*Asks:* 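Mind having a look at this structure? Questions to follow.
In listed order, ligands and their atoms are each counted from 1. Everything numeric in this text was worked out from a predicted model, so none of it was measured.
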Amino acid sequence: MMGGGESYPALEASLLAEEAAARRQWEKTYLDVLGVCCSAEVALVERLLAPLDGVRAVAVVVPSRTVVVEHDPAAVSQSRIVKVLNGAGLEASVRAYGSSGFIGRRPSPYIVACGALLLASSFRWLLPPLQWLALGAACAGAPPMVLRGLAAASRLALDINILMLIAVAGAVALKDYTEAGVIVFLFTTAEWLQTLACTKASAGMSSLMSMIPPKAVLAETGEVVNVRDIGVGAVIAVRAGEMVPVDGVVVDGQSEVDERSLTGESYPVPKQPQSEVWAGTLNLDGYIAVRTMALAENSTVAKMERLVEEAQQSKSKTQRLIDSCAKYYTPAVVVLGAGVALLPPLLGARDAERWFRLALVLLVSACPCALVLSTPVATFCALLTAARMGVLVKGGDVLESLGEIRAVAFDKTGTITRGEFTVDMFDVVGQKVQMSHLLYWISSIESKSSHPMAAALVEHAQSKSIQPKPECVAEFRILPGEGVYGEIDGKRIYVGNKRVLARGSSCQTVPERMNGLKGVSIGYVICDGDLVGVFSLSDDCRTGAAEAIRELASMGISSVLLTGDSAEAAVHAQERLGGALEELHSELFPEDKVRLVGALKARAGPTMMVGDGMNDAPALATADVGVSMGISGSAAAMETSHATLMSSDILRVPEAVRLGRRARRTIAVNMVSSVAAKAAVLALAVAWRPVLWAAVLADVGTCLLVVLNSMLLLGEGRGRRGKEEACRATARSLEMRRSQLAAVSPDAATKSVGKTGGDAPKGCHCCHKPSRSPEHSVAIDVRVDEQREGPTAATCAPAKKVEYSSSCVSAGCCSP
Ligand SMILES: Nc1ncnc2c1ncn2[C@@H]1O[C@H](COP(=O)(O)OP(=O)(O)OP(=O)(O)O)[C@@H](O)[C@H]1O
Ligand SMILES: [Mg+2]
Ligand SMILES: [Zn+2]
């Protein structure tokens, strides 16, 4: 980056420091830190590492016991960081790149020694001096606890280690050595088991951590360069089996790419020139040259990674409440404990030992470990599951809101429908202009717009061998909810819906033949005040849209449609969905969408908005949960939304809501059971006899249960997908073969990519993959109701004839 090495004696110290900071190469180190248990250690870790020179940021992820340090390896090495942490007894180690943390970890020698001595001491009925071994057991297991306790105490923090040590000391003072040994053993073993349980979570986390290679190969020179130094527009080579290092567009070659890291589904996605590829996805089987579209640090996967990390650190409402109480809580408990131990004997109570034990039980039971863990572990697991199924949720709060959703507002174009328009009709009106001119003007203006309709119009012109020249467009404006305006060759041109007609033209008579058209979006072209062209566009419903809405309905959630498109187009979509939507609102401006979402919130309760376009962004922000569609959706929508569907699969919407509900339930169960366990032990102690080891068991046991219960969330949402994934995989490679076929004979390609028309839904009924060319599909005459099997089988409109792609039938996932 900068020319280092020279010295600048004339420069001021501050400048030097600035330059040093700029020269720094920041790197992220992931550490497994076993000693991180509650939020008490978070502050400890931060206070230990933050003051080190060369450390820029420290993040502690409690549930997976991971510490992420962003540092300059030249100033502070990994081993130094590990040493500092271990100095406080935190048992830190550097996680190897891509390794999955704690797998196969054995118990520490302290635990083994403690357990062995305790076992030996149990033979004291044979040989009474053996009871001293129990004391030995307590001492053998204690060192990590002591180290951590000391580190906490030196920062005036009272943590679980100190509470446990007080209990151990108390038991020793009562000459109950076995009890002391048992406490240490239970505590350390539970900690270890908890760590094992976290294995799964941390494995998931590292699979999420991008595996972007640090180097890339320039296609032209073959030079190997650092990914960070690649600018936008460079062409890099990606061979089979390699990760794509930067977001970009394929300029040469063909391949299949596994986008699992982004979409959560692993099946090969065919790529050819013009296809977009994303960093962190795996190039499976061919060579591709990629022109970069973003700097490495701005690639989608890097943004995603940052989001997931931030989400883990951002605390949810529930957690903030617990944390703010914890500050006053622990000192209060210590005072109370001292009172219970000292006051009754001072007031003349006879059984001083009993009161002392009761105080110890109180102290141990007061440890809020399980309660403190109840929210973050569950949130973490749920966020991880969400990310793995291709839903990027920006934080625990969003997750909690997801579970409360009562109504969903869907945008139409690009959300319910694919947003891949085909031009059905394109006509010149009047004698004023020629078709070729019209196409040239429109495509040039539209190539500046990112609306899905624009892409279709540009493509249409290109198919008529007319190349757009965006550089010839003098003035360009987007008219929200209407269309676009541009000046080209001195002409003032409007393209858009009938609002544009009212705006730009004096004559407002719509050509006769446009009136009878159903289910299409109609567009008008106005040139210098005259209507000169009309066109109609159509778009298909996304597969799974109807099913998603029905699933939401079965969960008691109502769905409405909010669209900027015409009423006819909205009604048509509703028909294709089999009337699943409860309300349709059409011809909306962006601010209308905001208003309607607000109204829905007031009427139905917590509301979700799902959308993809720029015109959806304000509504997404207004909703309780705004969900944006896909990595290829508009950037504005993705920025303002609270969650993003990476794979544009609308079925993820009900899945995400279900996950949110499960997470809320899990948190509630965690909190209730951790409080209940403590209450039970205290009641037992007061009513019968204070049993110290039972209190410890209840404490560490509930911690473990809370973790395990939260882990159940990790399995959520995967089962149903397995079968489908296999099916889609075969369908995908089918698609690939078809596109290869298309490359050989372009004629067949245009035919096979043509739009689906008619009433019968086309495509494999099982995997929703289009199977339009007859040689790839078999048509089977069955009634839809009879073969509908579970909620996965549904298309936009029910029909008699259902197609299966032949590969699916042979793969055995469709059973006609
Ligand atoms: N670039 C464009 N070219 C032609 N027509 C356009 C363009 N942009 C918008 N329009 C017209 O304006 C209408 C409203 O656009 P808007 O972006 O508000 O909604 P939409 O994206 O079509 O629908 P939805 O809100 O369901 O996503 C469109 O239906 C279309 O008729
Ligand atoms: Mg839209
Ligand atoms: Zn605890």
Side-chain angles (χ1 to χ4, degrees), residues 409-421 423 426 438-439 441-461 468 470 473 476-486 493-504 510 514 517 519-526 533-539 541-542 545 559-574 576-577 581 583-594 596-597 609-620 627-630 633-634 636-637 648 650:
F410 286 101
D411 158 68
K412 185 184 75 73
T413 314
T415 303
I416 291 288
T417 66
R418 294 178 190 281
E420 291 159 13
F421 285 93
V423 178
F426 193 105
L438 193 62
L439 283 175
W441 291 339
I442 291 183
S443 61
S444 301
I445 293 171
E446 291 285 22
S447 56
K448 296 196 139 203
S449 158
S450 62
H451 197 275
M453 287 185 183
L457 290 169
V458 171
E459 220 162 85
H460 179 71
V473 179
F476 174 78
R477 256 184 298 139
I478 290 176
L479 312 168
E482 297 182 20
V484 290
Y485 167 80
I493 292 175
Y494 289 89
V495 189
N497 57 12
K498 57 186 181 223
R499 284 199 183 115
V500 144
L501 196 63
R503 177 194 282 265
V510 178
M514 304 306 294
L517 289 175
V520 290
S521 307
I522 297 169
Y524 304 92
V525 189
I526 287 127
V534 289
F535 54 89
S536 73
L537 302 166
S538 61
D539 191 9
C541 281
R542 277 189 199 279
S559 304
V560 305
L561 185 74
L562 306 181
T563 181
D565 210 344
S566 64
E568 295 80 34
V571 168
H572 181 68
Q574 166 77 319
R576 303 284 286 176
L577 293 171
L581 291 159
E583 286 172 26
L584 309 176
H585 300 270
S586 53
E587 294 174 31
L588 303 175
F589 287 113
E591 55 272 25
D592 297 329
K593 291 192 176 185
V594 172
L596 284 164
V597 166
M609 163 88 198
V610 190
D612 71 315
M614 238 163 60
N615 64 337
D616 301 319
L620 288 175
V627 180
S628 55
M629 297 294 291
S634 94
S648 311
I650 205 148

*Asks:* So if I count the atoms of ligand 1 from 1 in the order they appear, which ones are less than 4.0 Å from some heavy atom of Lys412?
*Replies:*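 It comes down to these atoms of ligand 1: 26 (O).
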*Asks:* Ignoring angles and geometry beyond distance, decide whether Asn615 reaches within less than 3.5 Å of ligand 1 through its nitrogen or oxygen atoms.
*Replies:* yes
*Asks:* Within the 4.0 Å heavy-atom shell around Gly496, which atoms of ligand 1 are there?
*Replies:*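 It comes down to these atoms of ligand 1: 5 (N).
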*Asks:* Heavy-atom distances under 4.0 Å decide this one: backbone, side chain, both or neither, for Thr413 against ligand 1?
*Replies:* both
*Asks:* Which ligand 1 atoms does Ser449 reach within 4.0 Å, using its non-hydrogen atoms?
*Replies:* 1 (N)
*Asks:* Show me which atoms of ligand 1 lie under 4.0 Å from any heavy atom of Lys593.
*Replies:*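 Contacts of ligand 1 toward Lys593, numbered from 1: 24 (P), 25 (O).
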*Asks:* For ligand 1, which atoms, with element, lie under 4.0 Å from some heavy atom of Gly483?
*Replies:*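 The list of qualifying atoms is 6 (C), 7 (C), 8 (N), 9 (C), 10 (N), 12 (O).
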*Asks:* Are Glu583 and His585 close enough that a side-chain donor and a side-chain acceptor fall under 3.5 Å?
*Replies:*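 Yes, His585 and Glu583 have a side-chain donor paired with an acceptor closer than 3.5 Å.
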*Asks:* CG of Leu584 to CG of Leu562: how many Å apart, nearest 0.5 Å?
*Replies:*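 Here the rounded value is 10.0 Å.
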*Asks:* What distance do Thr417 atom OG1 and Phe410 atom CZ have between them, rounded to the nearest 0.5 Å?
*Replies:* 12.5 Å
*Asks:* Measuring from Ile522:CD1 to Leu537:CG, what's the distance to the nearest 0.5 Å?
*Replies:*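 Here the interatomic distance stands at 9.5 Å.
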*Asks:* Hey, which atoms in ligand 1 end up nearer than 4.0 Å to a heavy atom of Glu446?
*Replies:*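 Counting atoms of ligand 1 from 1, those under 4.0 Å from Glu446 are 1 (N), 2 (C), 3 (N), 4 (C).
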*Asks:* With only distance considered, is Gly564 within less than 3.5 Å of ligand 1 through an N or O on each side?
*Replies:* yes
*Asks:* Taking atom CD of Gln574 and atom CG of Leu581, what is their separation to the nearest 0.5 Å?
*Replies:* 4.5 Å
*Asks:* How long is the straight-line distance from OG1 of Thr413 back to CE of Met629, given to the nearest 0.5 Å?
*Replies:*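 So the CE of Met629 and the OG1 of Thr413 are separated by 12.0 Å.
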*Asks:* Checking contacts here: is it the side chain or the backbone of Met453 that comes within 4.0 Å of ligand 1, counting heavy atoms only? Could be both or neither.
*Replies:*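 The answer is the side chain of Met453.
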*Asks:* Find all atoms of ligand 1 within a distance of less than 4.0 Å from any non-hydrogen atom belonging to Thr563, and give their numbers and elements.
*Replies:*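 Answer, ordered by atom number: 23 (O), 24 (P), 25 (O), 26 (O).
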*Asks:* Considering the heavy atoms of Glu482, write down every atom of ligand 1 situated less than 4.0 Å from one of them.
*Replies:* 10 (N), 11 (C), 12 (O)
*Asks:* Considering distance alone, does some N or O of Asp612 sit under 3.5 Å from an N or O of ligand 1?
*Replies:*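 No, since none of the N or O atoms of Asp612 sits under 3.5 Å from an N or O of ligand 1.
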*Asks:* Before accepting this row, confirm whether a basic side-chain N of the pair Lys498/Glu587 lies closer than 4.0 Å to the acidic partner's carboxylate O.
*Replies:*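 Salt bridge between Lys498 and Glu587, a charged N being under 4.0 Å from a carboxylate O: yes.
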*Asks:* Please report the closest heavy-atom contact between Val458 and Pro468, naming both atoms and the distance.
*Replies:* CG1-CG, 4.0 Å
*Asks:* Salt bridge between Arg418 and Asp539, side-chain N to carboxylate O under 4.0 Å?
*Replies:* no
*Asks:* When rounded to the nearest 0.5 angstrom, what is the spacing between CG in Asp612 and CG in Asp411?
*Replies:*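 Going from the CG atom of Asp612 to the CG atom of Asp411 covers 5.0 Å.
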*Asks:* Report yes or no: does a heavy atom of Gly523 sit under 4.0 Å from some atom of ligand 1?
*Replies:*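 It does not, in that no heavy atom of Gly523 comes within the 4.0 Å cut-off of ligand 1.
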*Asks:* Do ligand 1 and His451 have nitrogen or oxygen atoms that lie under 3.5 Å from each other?
*Replies:*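 By distance alone, the answer is yes.
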*Asks:* Checking contacts here: is it the side chain or the backbone of Asp565 that comes within 4.0 Å of ligand 1, counting heavy atoms only? Could be both or neither.
*Replies:* both
